[in-house]
2 protein chains.
Amino acid sequence: MATIKDVAKEAGVSIAAASLALNGKGSLSEETRSKIIEAAERLSYKPNALAKGLVTNNKINTVGVIIPKPGTEFLPFVGMDILSGVGEVASEKKYNMLLDWEDGLGGSKVLDLVQSGIVRGLVFFVPLNDVKTFRTLNDLNFPYVLMSRPPEGVYCSWVDVDNADASYQATVSLIKSGHTRIAYSSPAPMDYLVSGDRHSGYRQALLSHNLAYDESYVSIGDGDIQSGKRAMEQFLSLNEPPTALIAGSNLQAIGMIESLKERGLDHREKAIITFDDSPLAESYGISAIHIPTNLIAKESTRLLMKRIANPRRIEPESIVIGAEFIIRSTFVPVR
Amino acid sequence: MATIKDVAKEAGVSIAAASLALNGKGSLSEETRSKIIEAAERLSYKPNALAKGLVTNNKINTVGVIIPKPGTEFLPFVGMDILSGVGEVASEKKYNMLLDWEDGLGGSKVLDLVQSGIVRGLVFFVPLNDVKTFRTLNDLNFPYVLMSRPPEGVYCSWVDVDNADASYQATVSLIKSGHTRIAYSSPAPMDYLVSGDRHSGYRQALLSHNLAYDESYVSIGDGDIQSGKRAMEQFLSLNEPPTALIAGSNLQAIGMIESLKERGLDHREKAIITFDDSPLAESYGISAIHIPTNLIAKESTRLLMKRIANPRRIEPESIVIGAEFIIRSTFVPVR
DNA sequence: CTGAAAGCGCTTACAG
DNA sequence: CTGAAAGCGCTTACAG
């Protein structure tokens, strides 16, 4: 493969001149410049990113995306939305995208990545926030952005919807349409920020409308269909089963509906609202709180790029994006 | 950040000795070696991958995954399955994973990647095969593996299911349960290998069982729900509508069922078999041809690793993986 | 068994 | 306006 040396020789100039011309820097005569460009094209020269990275900032132009290991905790639709958003903004800036996930072995993997120079910045979509890793990144003054509200004690840039508010609004709309027995099923363990925020919005809505908060109406789930079934069964076994449910994920909501069907009940027997929207929720006709994951990913990556472009430590920024409540056939007033 | 120079100084040895010790090479005294290792730990030294890559093979230890742009043509479940498979094998070998997709601007992006030294090998999951890119990769003797049967004229390693055979078997099982009017809806345009292979298996099954092949029973779709609806509407408008259908994707199959429902028909009105299996197909109760995407991804990456480890040109290998036919409630005998 | 030196492909002051 | 030189962080023959 051709190197810059070959290009210089082919064009009959010095290596430095070739570098300048190829990067559009310096003040070369138009003639020399085009002579060099032509030589590069003739040899189909592509710069070696490693050498370039080594000599500039010791980094390669790559953004790293950290997501949960596929198959756990989140819907593939969400994952792909994120990757597509990050990838789009990254590629606009001629950045590559590196994908990795937490492996349960602790955050050391992320730090390896950072120190090896393979990435210039990181975006995180990790439900359980690892404070220690973030602290270390802060100490290193390494650029990163969270696609979620940061955990207590971490000062950094982030982009997210207001989960508590979205949950509050959804609960209120159920109350307003006459429901008084409303259940909540979390998308993940309660120590996950997203679970806690949504739970507190739900609770707040009940209390501010003079409805009792009852723990037996709360189920702790994970992202899959089974956990939706379990939640529904738990709720149906109560003396006074809820008439409305807020599901933590599409698959959970589907599980709830399946559970209803298994008992020979209509899927509109209960009012069901799910977090996250997808073709799935649409085709099942499930009312959904649309979290604009793709937009969150894009905005996060934009913040990251801004931060990378600014070598000095700058103030973290945060963006709160609005969630949209989409009413479909599972939104039924109390009967 | 600490460099190898710092480590050498801290341990009181030469840079060469430090390099040897850190890489477990050369013959150093046990004492010197551990002295160096300890110094590295004390400084929390992480080697700079760029420098290392530059000096060894001009490449960084990264595998590139090329998939279609998210949101087009394929189910996120499939995409995540692939990423998870590639990532798992890659990380076993301490490789990073770089994600990219075709952008419709031609394959030059891939070649940039290759020549920049960012990846040591590529795995492709691309329905429409770009012969020119593959030829160039062959010329460069650059390691890559396809997660699909290669197109005509490309000689390379690949891993795939036998789509024609899977389609044949599914069609035969419909014939055996009494269907004579069987429709086929492709997952993509017909010039995609996967569409063509499945179509030819379907056609072959009909012909070898003395059933006529009728073009009005064939619909050309894409991966989404709408195309399933369209296909069903096309078929239902025929004088003799099919009694059984083979769908190209889960979403297509769901579209077919939705279309049935919209007309007030039971979803078991028709026998429906879908390609690809997912929680979706499971929860809808759609009979499915399970394509082990995750396994395909893993095996492909293993082949790639083998190829990378072997600097000399070696013979391409191919692996055909069996598809599994899973019968669910949409598999109904002819009425 | 260990050290000094060359070199991977590039960029960036610095001379001229 | 252009060239010679140093250097990014590492590894690998090659001396000793």
Side-chain angles (χ1 to χ4, degrees), chain A residues 1-37 39-40 43-62 94 112-120 311, chain B residues 1-37 39-40 43-62 94 112-120 311:
Chain A
M1 288 191 214
T3 70
I4 199 169
K5 216 162 147 184
D6 301 322
V7 174
K9 190 188 285 178
E10 172 86 7
V13 298
S14 73
I15 293 177
S19 173
L20 261 17
L22 262 10
N23 292 302
K25 290 184 180 171
S27 47
L28 304 179
S29 70
E30 199 39 60
E31 199 195 328
T32 319
R33 189 178 295 278
S34 60
K35 202 169 60 183
I36 294 170
I37 305 283
L43 301 174
S44 67
Y45 165 76
K46 314 271 180 193
N48 180 306
L50 275 53
K52 199 167 188 162
L54 184 59
V55 81
T56 51
N57 28 219
N58 247 355
K59 298 264 183 309
I60 227 168
N61 282 354
T62 295
K94 308 281 175 211
D112 281 0
L113 217 58
V114 165
Q115 305 220 21
S116 67
I118 295 182
V119 293
R120 287 195 64 178
Chain B
M1 290 193 214
T3 70
I4 200 168
K5 216 162 147 183
D6 302 320
V7 174
K9 190 187 285 176
E10 172 86 7
V13 298
S14 74
I15 293 177
S19 172
L20 261 16
L22 261 10
N23 292 301
K25 290 184 180 171
S27 46
L28 303 180
S29 71
E30 200 40 59
E31 200 195 326
T32 317
R33 188 178 297 276
S34 60
K35 202 168 61 184
I36 295 170
I37 304 283
L43 302 173
S44 69
Y45 166 76
K46 313 270 180 193
N48 180 305
L50 274 53
K52 199 167 189 163
L54 184 59
V55 80
T56 51
N57 29 221
N58 247 354
K59 297 264 185 312
I60 229 169
N61 282 353
T62 295
K94 309 280 175 212
D112 281 359
L113 217 59
V114 164
Q115 305 219 21
S116 68
I118 295 183
V119 293
R120 287 194 63 178

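Just so it is clear: chains get the letters A, B, ... in the order the sequence lines come, proteins before strands, and each one is counted from 1.
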Please encode protein proximity along nucleotides 7-16 of chain D as a string of B, S and -, counting only heavy-atom distances under 4.0 Å.
BBBBBB----

Could I get the full list of side-chain hydrogen bond (donor to acceptor under 3.5 Å, both in side chains) partners for B/Lys52, not counting sequence neighbours?
B/Asn23

For the residue pair A/Ile4 and A/Ala18, what are the closest heavy atoms and their distance?
CG1-CB, 3.9 Å

Would you sort out whether B/Ile36 and B/Thr32 count as a side chain to side chain contact (heavy atoms under 4.5 Å, CB included), showing the intermediate values?
CA-CA 6 Å; B/Ile36 295 170; B/Thr32 317; 4.0 Å; yes

Go through it in stages, so that I can follow the logic: the residues are B/Val119 and B/Ile60, the test is side chain to side chain contact (heavy atoms under 4.5 Å, CB included), and I'd like the CA-CA distance, side-chain angles, deciding distance and then a yes or no.
CA-CA 6 Å; B/Val119 293; B/Ile60 229 169; over 6 Å; no

Could I get the full list of side-chain hydrogen bond (donor to acceptor under 3.5 Å, both in side chains) partners for B/Ser116, not counting sequence neighbours?
none

Is there a side chain to side chain contact (heavy atoms under 4.5 Å, CB included) between B/Val7 and B/Leu43? Walk through the geometry before answering.
CA-CA 7 Å; B/Val7 174; B/Leu43 302 173; 4.2 Å; yes

Whole-Å distance between C/dC1 C1' and B/Glu30 CD?
13 Å

Test side-chain contact (heavy atoms from CB on, under 4.5 Å) applied to A/Ser44 - qualifying residues, sequence neighbours left out
none

Base-paired stems in DNA chain C, each at least three Watson-Crick or G-U pairs under 3.5 Å:
C:1-3 with D:14-16, C:5-12 with D:5-12, C:14-16 with D:1-3

Got a sec, which pairs hit salt bridge (charged side-chain N to carboxylate O under 4.0 Å, His left out) with one end in residues 4-26 of chain B, sequence neighbours left out?
B/Glu10-B/Arg42

